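Throughout, residue positions are numbered sequentially from 1 according to the sequence presented. Just so we're clear, the structure is a prediction, and the values are computed from it rather than from any experiment.
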Amino acid sequence: CTNRYWEVNMSESIDYLFSAKGQMYGYLYQIDRALLWLSTCPDGSIISIETDDDVVVRLKNGESIGTIYEQDKASVKKKYPFTNTNVNLWKTLSNWLTLIETQKINAENSKFLLATNVTTKSSCIVKAISVYDADEATYERAYCDLMGIATTTKSTALKPYATKLIQSDKSLVMSLLRRIELCECPSSYDRKIFLEQIIQGLHLNDGQTPHYEILKMLYGWIINACMAFWLNGEDACFDPKVLWNKRDYLKQQF
């Protein structure tokens, strides 16, 4: 009996630890994404973490897209987070619809990004609407497919978000669907390749600069900055210029 108790509790502990690792990895993935945006956005932009979305990019005046709302889902189990009946997708759609309805988001001047470190070959609604040449018929079909799921689902996890979609005005939902884009890796996720994109964005790949050492320090800086903001009751918001100043200082030190 004692052995059985130990085995059951060890199994639960292992499941909990794996879940905790996945959650931590998901949060750190947001840091990766924020650094990528900071390395590529023009001065005057503001990139925030855990505000209206996982990552929010507010581009400076003059850009065609004012704000990008990004929902990040990273998985250590390689489980695709945006399938048609995945709660992550429905919760995200519900949150975006709420922000639009309460006028916290101007959909006409926004883009909505679903970012993940996992890819899938199977067809799904978000893949269909995020292709470059998606037409109005594609969005109409996506709306009908979503409504079909919302009105027939028996999942208690999906029902609150499905109800939100059913109750939302169709024109509002369609406006959102037209502006959703999917960002997923083309095959298997390789974080080293992802980090190379940040290195290139910061022009650190000159063959002489110890770019990985600098990147580690920038990574530590943004995590510590987030903690300082939150402890002071402030939003974690960053200007690309600050990152480039840090980059220049570290480059000079090396």
Side-chain angles (χ1 to χ4, degrees), residues 23 26-27 29-31 33-34 37 45-59 63-75 79-116 124-130 134 136 138-184 226 229-230 233-238:
Q23 291 177 6
Y27 287 123
Y29 181 66
Q30 293 175 220
I31 301 296
R33 296 290 306 172
W37 282 115
S45 304
I46 297 295
I47 288 80
S48 60
I49 301 172
E50 288 289 345
T51 52
D52 288 334
D53 220 325
D54 289 339
V55 175
V56 176
V57 182
R58 303 187 190 280
L59 300 173
E63 297 287 343
S64 58
I65 298 172
T67 312
I68 299 171
Y69 297 90
E70 178 175 300
Q71 182 69 200
D72 297 328
K73 294 299 176 188
S75 173
K79 183 179 179 181
Y80 194 69
F82 301 128
T83 56
N84 293 351
T85 56
N86 191 298
V87 70
N88 289 312
L89 173 64
W90 285 85
K91 185 176 181 180
T92 299
L93 293 176
S94 177
N95 289 342
W96 284 340
L97 287 170
T98 299
L99 289 170
I100 295 171
E101 287 176 344
T102 56
Q103 298 183 335
K104 291 184 177 181
I105 284 180
N106 177 9
E108 299 298 320
N109 197 33
S110 302
K111 180 165 73 173
F112 301 88
L113 194 62
L114 298 167
T116 178
C124 57
I125 294 171
V126 292
K127 272 185 176 286
I129 63 176
S130 63
E136 196 62 23
T138 301
Y139 299 120
E140 183 69 32
R141 188 162 50 251
Y143 176 80
C144 292
D145 290 343
L146 288 169
M147 286 296 290
I149 296 170
T151 54
T152 59
T153 184
K154 296 181 180 179
S155 168
T156 54
L158 286 187
K159 275 193 177 298
Y161 311 118
T163 300
K164 177 66 181 178
L165 183 75
I166 294 170
Q167 294 175 346
S168 296
D169 186 83
K170 180 181 177 179
S171 62
L172 185 148
V173 178
M174 292 291 287
S175 179
L176 171 61
L177 294 179
R178 293 186 193 101
R179 291 167 176 81
I180 291 177
E181 292 186 18
L182 181 63
C183 177
E184 62 179 15
C226 284
F229 278 125
W230 293 329
E234 302 172 15
D235 288 336
C237 300
F238 301 89

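- Atom-to-atom distance recorded for L59:CG and T67:OG1 is 7.0 Å, nearest 0.5 angstrom.
- Of all heavy-atom pairs spanning L182 and Y80, the tightest one is CD2-OH, 3.3 Å.
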Run the numbers on S48 and D235 for side-chain contact (heavy atoms from CB on, under 4.5 Å), then give the verdict.
-> CA-CA 7 Å; S48 60; D235 288 336; 5.7 Å; no

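- Distance check, rounded to the nearest 0.5 Å: CD1 of I149 to CG of N84 gives 4.5 Å.
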Between L89 and V126, is a side-chain contact (heavy atoms from CB on, under 4.5 Å) present by the stated rule, with each step listed?
-> CA-CA 9 Å; L89 173 64; V126 292; 3.5 Å; yes

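- The structure places CG of L113 at 6.0 Å from CZ of R33, a figure rounded to the nearest 0.5 Å.
- Pairs of residues two or more places apart, or lying in two chains, that qualify as salt bridge (charged side-chain N to carboxylate O under 4.0 Å, His left out) and include a residue from residues 87-107 are E101-K164.
- Side-chain polar atoms of E70 and W37 form a donor-acceptor pair below 3.5 angstrom.
- Each salt bridge (charged side-chain N to carboxylate O under 4.0 Å, His left out) pair with one or both residues in residues 165-182, not counting sequence neighbours, appears once here: E108-R179, K111-E181, E136-R178, E140-K170.
- Remark: I129 CD1 to Y143 OH distance equals 13.5 Å, nearest 0.5 Å.
- Side-chain atoms of S94 do not come within 3.5 Å of backbone N or O of W90 as any donor-acceptor pair.
- A distance of 10.0 Å separates CG of L93 from CD of Q71, quoted to the nearest 0.5 Å.
- Side chain of D54 to main chain of D72: a donor-acceptor pair is present (N/O by atom type, distance under 3.5 Å, no hydrogens or angles).
- Looking only at side-chain heavy atoms (C-beta outward), L146 and L177 come within less than 4.5 Å of each other.
- K73 places no side-chain N or O within donor-acceptor distance of the main-chain N or O of L114, the cut-off being under 3.5 Å.
- Note that CZ of R58 is 8.5 Å distant from OG of S110, once rounded to the nearest 0.5 Å.
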Stepwise, does the side-chain contact (heavy atoms from CB on, under 4.5 Å) test hold for E50 with W230?
-> CA-CA 10 Å; E50 288 289 345; W230 293 329; 4.1 Å; yes

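- Other residues, nucleotides and ligands contribute over 12 non-hydrogen atoms within 6.0 Å of the CD atom of E234.
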Go through F238 and C226 one step at a time and tell me if the side-chain contact (heavy atoms from CB on, under 4.5 Å) criterion holds.
-> CA-CA 9 Å; F238 301 89; C226 284; 3.9 Å; yes

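- Counting all heavy atoms, side chain and backbone alike, Y139 lies closest to A134 at OH-CB, 3.6 Å.
- Ring orientation note: the planes of W96 and F112 are tilted relative to one another, at an angle of 30° to 60°.
- Inter-residue side-chain proximity for Y69 and D52 is flagged as met; some heavy-atom pair is nearer than 4.5 Å.
- If you run side-chain contact (heavy atoms from CB on, under 4.5 Å) between I100 and each of L176, V173, N106, N95, only L176 comes through.
- Surrounding OH of Y27 are at most 12 heavy atoms belonging to other residues, nucleotides or ligands under 6.0 Å away.
- Crowding of K159 atom NZ: a count of heavy atoms from other residues, nucleotides or ligands under 6.0 Å exceeding 12.
- Nearest approach of T153 to A162, heavy atoms of both residues: CG2-CB, 4.2 Å.
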